[in-house]
Number of protein chains: 2
Amino acid sequence: MAEGATRETALREAEAACLRRGATLTPLRRQVLELVLDSEAPVGAYALLDRLKASRPGAAPPTVYRALDFLLENGLVHKLERLNAYVGCTDAGHAHGHDHHHHPHQFLICRTCGATTEITDHAVTHAIDAAARRAGFALAQATVEIEGTCARCLAA
Amino acid sequence: MAEGATRETALREAEAACLRRGATLTPLRRQVLELVLDSEAPVGAYALLDRLKASRPGAAPPTVYRALDFLLENGLVHKLERLNAYVGCTDAGHAHGHDHHHHPHQFLICRTCGATTEITDHAVTHAIDAAARRAGFALAQATVEIEGTCARCLAA
DNA sequence: GGGTTGATGATATAATATCCCAAGGTGCCG
DNA sequence: CGGCACCTTGGGATATTATATCATCAACCC
């Protein structure tokens with residue numbers, strides 16, 4: 001995120017995805033999405049709320065949580081459970097391949113710089129599917145959050 | 001958990017593990033561990049606190065969080081990030097194979113009955129290791145939480 | 001005794017998330 | 001037009017999860 005071009009692309013794709021799904025990307029929701037996309041690292045709900053207040057003084061926790069719920073539902077952002085923070089979905093256009101909004105994905109979270117990378121590793125996905133199947137477990141969604149040190153911080 | 005024999009075994013192994021590690025399983029820590037082991041499903045910190053108060057009226061949030069921190073450090077319990085809840089580690093004796101306390105593991109969480117199963121699937125572990133390596137990422141710890149419906153609830 | 005360390009007690013506060021009710025807007029249908 | 005259903009937002013209160021801080025106490029070492 002954060003390189004200008006990507007942000008605009010992501011926003012355009014978000015609007016297209018909502019259109020396809022019959023969902024409405026209202027100004028408020030779009031603004032929260034912009035705030036998430038503008039963050040380098042995962043961003044907490046209350047940090048979003050603070051920034052939102054600059055243009056909407058009346059904003060309260062439910063304001064941002066409702067918008068986040070919508071964005072999560074529609075696969076436009078993801079939540080990092082270990083951090084209680086949110087990131088934009090960078091798997092541009094995944095909706096083409098998936099009717100459902102929860103495409104399989106994993107995160108690499110750097111403990112040093114906080115940067116978070118979304119990946120879609122099919123070997124991981126398959127191994128998890130297989131493990132669930134072996135346990136007779138019907139998988140709905142898998143959370144994979146890998147913590148460590150990113151390549152850039154290792155170099156430094 | 002929760003079948004009598006397992007509980008006692010787990011407690012004995014916990015004491016042995018602490019001994020090996022030079023850590024002290026004090027009465028308080030042991031009691032919190034018992035409370036976690038006695039729960040069928042993952043249990044929240046404040047639920048533990050309520051139960052703890054029965055025998056320790058003065059207990060406060062830090063009381064239980066400090067005990068949980070110790071138990072997490074020593075690999076005796078795990079935290080489920082999606083649920084903000086805690087379970088006993090059922091990988092009995094993993095400390096024999098791992099000097100460090102964070103042995104690789106995954107969870108299967110049933111949305112219907114809440115039951116949570118810890119598994120250690122080497123294919124998943126390897127796939128994650130490989131994905132991290134490919135990204136030049138030094139893995140410290142991976143959180144894998146698989147949500148869905150367990151075999152028993154599927155049958156019903 | 002004096003000093004250090006580790007564990008606990010106790011109060012307060014921070015950070016994250018949800019509930020509830022009301023108000024406005026939009027479209028649909030009679 | 002009027003009424004109704006639906007979705008979205010406003011706004012306040014509250015619930016839930018987690019940490020900060022300072023004091024106390026016991027064990028141990030020298």
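Letters A, B, ... mirror the listed sequences (proteins, then strands); counts begin at 1. As a basis for the values below, the full set of heavy atoms in this structure was taken, side chains included, without hydrogen atoms, waters or symmetry mates.
B:Y65 has no side-chain polar atom (N or O) that falls below the 4.0 Å cut-off from OP1 or OP2 of D:dT16. Of the side-chain N and O atoms in B:N84, one or more sit less than 4.0 angstrom from OP1 or OP2 of D:dA18. An OP1 or OP2 oxygen of C:dA10 is reached within less than 4.0 angstrom by no side-chain nitrogen or oxygen of B:T63. Contact annotation: A:K79 reaches the phosphate of C:dA17 (side-chain N/O to OP1 or OP2, under 4.0 Å). Not one side-chain nitrogen or oxygen of B:T24 sits closer than 4.0 Å to the OP1 or OP2 atom of C:dG6.
Protein atom CD of A:Q31 is 13 Å distant from nucleotide atom C1' of D:dT9, rounded to whole Å. In this structure, the CG atom of B:D69 is 12 Å from the P atom of C:dA7, given to the nearest Å. Nucleotide D:dT8 holds its C1' atom 16 Å from the CG atom of A:L68, rounded to whole Å. One atom, NZ of A:K53, and another, P of D:dT9, lie 18 Å apart when rounded to the nearest Å. At whole-Å resolution of the value, CZ in A:R30 and P in D:dT9 are 14 Å apart. Note: CG (A:L49) to P (C:dA15) measures 13 Å, nearest angstrom. C:dA15 atom C1' lies 14 Å from atom CG of A:L48, rounded to whole Å.
Minimum atom distance to the side chain of A:R29 is reached by D:dT8, of the listed D:dA18, D:dT8, C:dG9. The side chain of A:P62 has C:dT18 as its nearest neighbour among C:dT18, D:dG10, C:dT8. Between D:dT19, D:dT8, C:dA17, one nucleotide has an atom nearer to the side chain of A:T26 than all others, and that is D:dT8.
Inter-residue side-chain proximity for A:F137 and B:L154 is flagged as unmet; no heavy-atom pair is nearer than 4.5 Å.
Taking only distance into account, the side chain of A:R66 meets the base of D:dG10 through a donor-acceptor pair shorter than 3.5 Å.
Between the CG atom of B:L48 and the CZ atom of B:R51 there is a distance of 6.5 Å, given to the nearest 0.5 Å.
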- Would you sort out whether A:V43 and A:L35 count as a side chain to side chain contact (heavy atoms under 4.5 Å, CB included), showing the intermediate values? CA-CA 9 Å; A:V43 60; A:L35 289 173; over 6 Å; no
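Residue B:Y46 and nucleotide D:dT16 are not classified as a stacked aromatic pair, given the requirement of ring centres less than 5.5 Å apart at an interplanar angle below 30°.
Under 3.5 Å, the side chains of A:E147 and B:T143 contain no donor-acceptor pair of N or O atoms.
Along DNA chain D, the nucleotide nearest to A:F70 and the one nearest to A:P61 differ in position, and the one closer to the 5' end is contacted by A:F70.
By the criterion of side-chain heavy atoms lying less than 4.5 angstrom apart, applied directly or through intervening Ile, Leu, Val, Met, Phe, Trp or Tyr residues, A:I119 is grouped together with B:I146 in one hydrophobic cluster.
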